[in-house]
Amino acid sequence: MNIHQIITRTALTLSAILIVAGCDQRKNDATPPSAGANPKKTEYTFALVAKSQSNPVFQAARVGAEDTAAELGKKWE
């Protein structure tokens with residue numbers, strides 16, 4: 001194995017470790033909510049980035065996203 005392969009494999013391994021470590025961002029809240037309190041609802045934001053607006057696949061994805069947002073009563077930007 002030459003030095004170029006070693007550097008490439010090391011870089012890929014370190015990148016994978018950083019990605020996995022960054023995905024595990026848990027919030028540790030030691031205080032449980034009281035019985036009468038309303039727990040906070042988690043709000044999510046999803047993005048749809050199409051490579052082409054004229055491609056039928058991406059057009060179908062947009063229609064599906066708009067329909068689902070309407071079903072869930074969410075806004076579509």
Side-chain angles (χ1 to χ4, degrees):
M1 194 178 326
N2 66 24
I3 190 72
H4 179 68
Q5 289 176 329
I6 293 171
I7 292 172
T8 302
R9 288 183 182 185
T10 303
L12 289 173
T13 302
L14 290 174
S15 297
I17 290 170
L18 290 174
I19 289 170
V20 171
C23 291
D24 188 20
Q25 295 180 0
R26 297 182 190 150
K27 293 182 180 178
N28 294 328
D29 188 7
T31 310
S34 63
N38 292 332
K40 274 186 151 180
K41 290 185 177 181
T42 304
E43 189 172 304
Y44 297 97
T45 301
F46 293 91
L48 177 65
V49 181
K51 186 175 178 181
S52 168
Q53 292 183 358
S54 62
N55 187 323
V57 172
F58 297 121
Q59 290 174 351
R62 179 183 175 137
V63 170
E66 290 173 342
D67 291 346
T68 302
E71 278 181 31
L72 297 174
K74 301 298 177 184
K75 64 180 180 179
W76 169 263
E77 294 181 14

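The only option from L14, L12, T8 that meets the side-chain contact (heavy atoms from CB on, under 4.5 Å) definition with T10 turns out to be L14.
Atom OG1 of residue T68 and atom CD of residue E66 lie 10.0 Å apart, to the nearest 0.5 angstrom.
Distance alone, capped at 3.5 Å, places no donor-acceptor pair between the Q53 side chain and the Q59 backbone.
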